[in-house]
Protein chains: 2
Amino acid sequence: MSTTKRNTWQREAVRARLAEAQGFVSAQQLYSVLRDEGSTIGLATVYRNLAQLTEAGEADSLQSLDGENLFRSCSTGHHHHLICRSCGETREIKASVVEEWASRVGAEHGFSEIEHVVDLFGVCERCRSKA
Amino acid sequence: MSTTKRNTWQREAVRARLAEAQGFVSAQQLYSVLRDEGSTIGLATVYRNLAQLTEAGEADSLQSLDGENLFRSCSTGHHHHLICRSCGETREIKASVVEEWASRVGAEHGFSEIEHVVDLFGVCERCRSKA
DNA sequence: GAGCTTGTTGCGAATCGTTCCCATCAAGGT
DNA sequence: ACCTTGATGGGAACGATTCGCAACAAGCTC
Ligand SMILES: [Zn+2]
Ligand SMILES: [Zn+2]
Ligand SMILES: [Zn+2]
Ligand SMILES: [Zn+2]
């Protein structure tokens, strides 16, 4: 039979902290938070579970401008993000315009299995007024 | 007086190899190529020059799906890319639709200083037929 | 509950890309 | 030829992520 997934308190912990975090967080951040509250979870486990959750569609991931992998709890379908460079606040964005554009352009060039990376970074209102 | 930029054969070498490469290349790849043809250039220098060229608008950079920084010689204005996951072939893409969308969405959410990351990855015709 | 199978975990070692440090080198102006 | 100072190389240092593996434990069977 196919490999069965097991439920561990570790995965639950990751899922939970990920869910209560607003905006995107890195594996390392999540790890720190967990260890700080006394958890004995391992770093590799955090990475493994984040990867799993992402794969399962329970989480969403993207690369920050400086190449770090960030994650966010998410259940709704495909969408993109607008992230504040300063405070990390995130807005989910539906962009059918872009989706269409992506597949059209891909097709026009004879490319298949198109994947796209579309993220917006900026400075939110609150952060701007602080400066 | 202000800091003056000097011209070195190293920068010229990087610029040259970058220019003759089709598609995006990583700093490490460029370094290997250069060393293989006998150059004594240092890895750090390759990184430094790629960064400079990028900053100067002579090169274009993006992150591959697995987080590596890739570079490509380029002189024309702002544009995006469609890259073959298999062979690395690249097509430059002008997407005013996306540009407009990006700034509009940013503004609608009260964000300023919007930057966007928009890249398409797929498999080109040639690579597809090989499989 | 005991026992077994096998997905999971924790931890340290190992990668990998990239940046730092710093003594030495050399481009460009005098 | 002579300085000033940006640039270089190379090895150490880094930060993020992955590996390897023995110990562990979730879920199933009896
Ligand atoms: Zn903000
Ligand atoms: Zn999309
Ligand atoms: Zn191809
Ligand atoms: Zn653009």
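In what follows, every chain begins at residue 1, and chains take the letters A, B, ... in the order their sequences are listed.
Taking atom CG on L43(B) and atom P on dC21(C), their separation rounds to 17 Å, with Å as the unit. When rounded to the nearest whole Å, the span between CG of N69(B) and P of dT19(C) equals 7 Å. To the nearest angstrom, C1' of dA26(D) lies 14 Å from CD of Q52(A). Rounded to whole Å, atom P of dT8(D) lies 12 Å from atom CG of L50(B). Distance I41(B) CD1 to dG10(D) C1': 13 Å, rounded to the nearest Å. Separating the CD atom of E68(B) from the P atom of dT17(D) is a distance of 15 Å, rounded to the nearest angstrom. In this structure, R11(B) atom CZ and dG6(D) atom P are separated by 13 Å, rounded to whole Å.
In terms of position along DNA chain C, the nucleotide closest to V46(A) lies nearer the 5' end than the nucleotide closest to the other residue of the pair V46(A) and F71(B).
In this structure, V105(B) and I93(A) have side chains that are in contact, with non-hydrogen atoms separated by less than 4.5 Å.
Side chains of Y47(A) and Q28(A): a donor-acceptor N/O pair is present below 3.5 angstrom, by distance only. Checked by atom type, the side-chain pair S32(A)/R35(A) shows no donor-acceptor distance below 3.5 Å.
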Worked check of salt bridge (charged side-chain N to carboxylate O under 4.0 Å, His left out) between R128(B) and E113(A): CA-CA 10 Å; R128(B) 186 153 7 102; E113(A) 300 166 61; 5.7 Å; no
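A salt bridge links R72(B) to E92(B): at least one charged side-chain nitrogen sits closer than 4.0 Å to a carboxylate oxygen. Ion pairing between E99(B) and K94(B) fails under the 4.0 Å rule for side-chain N and carboxylate O.
Two rings, from H80(A) and H116(B), have their centers 6.0 Å or more apart.
For the side chain to side chain donor-acceptor pair (under 3.5 Å) test, residues two or more places apart in sequence or in another chain that qualify with S64(B) are D66(B).
The two atoms that bring Y31(B) and L43(B) nearest to each other are CE1-N, 3.3 Å, heavy atoms only.
Within residues 18-39 of chain B, the residues approached by DNA chain C to less than 4.0 Å at the level of any non-hydrogen atom are Q28(B), in residue-number order.
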Protein-to-nucleotide contact annotation, 5' to 3' order, nucleotides 22-30 of chain C [B base; S sugar-phosphate only; - none; under 4.0 Å, heavy atom]: ----BBS--
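Residue D66(A) is out of contact with every strand shown, counting any heavy-atom pair closer than 4.0 Å.
Checking the phosphate oxygens (OP1, OP2) of dG9(D), a side-chain nitrogen or oxygen of Q10(B) falls inside 4.0 Å.
Comparing dC19(D), dT9(C), dT8(D) against the side chain of A44(A) picks out dC19(D) as the nearest. Listed nucleotides dT8(D), dT9(C), dG17(C) differ in distance to Y47(B); the shortest reach to its side chain belongs to dG17(C).
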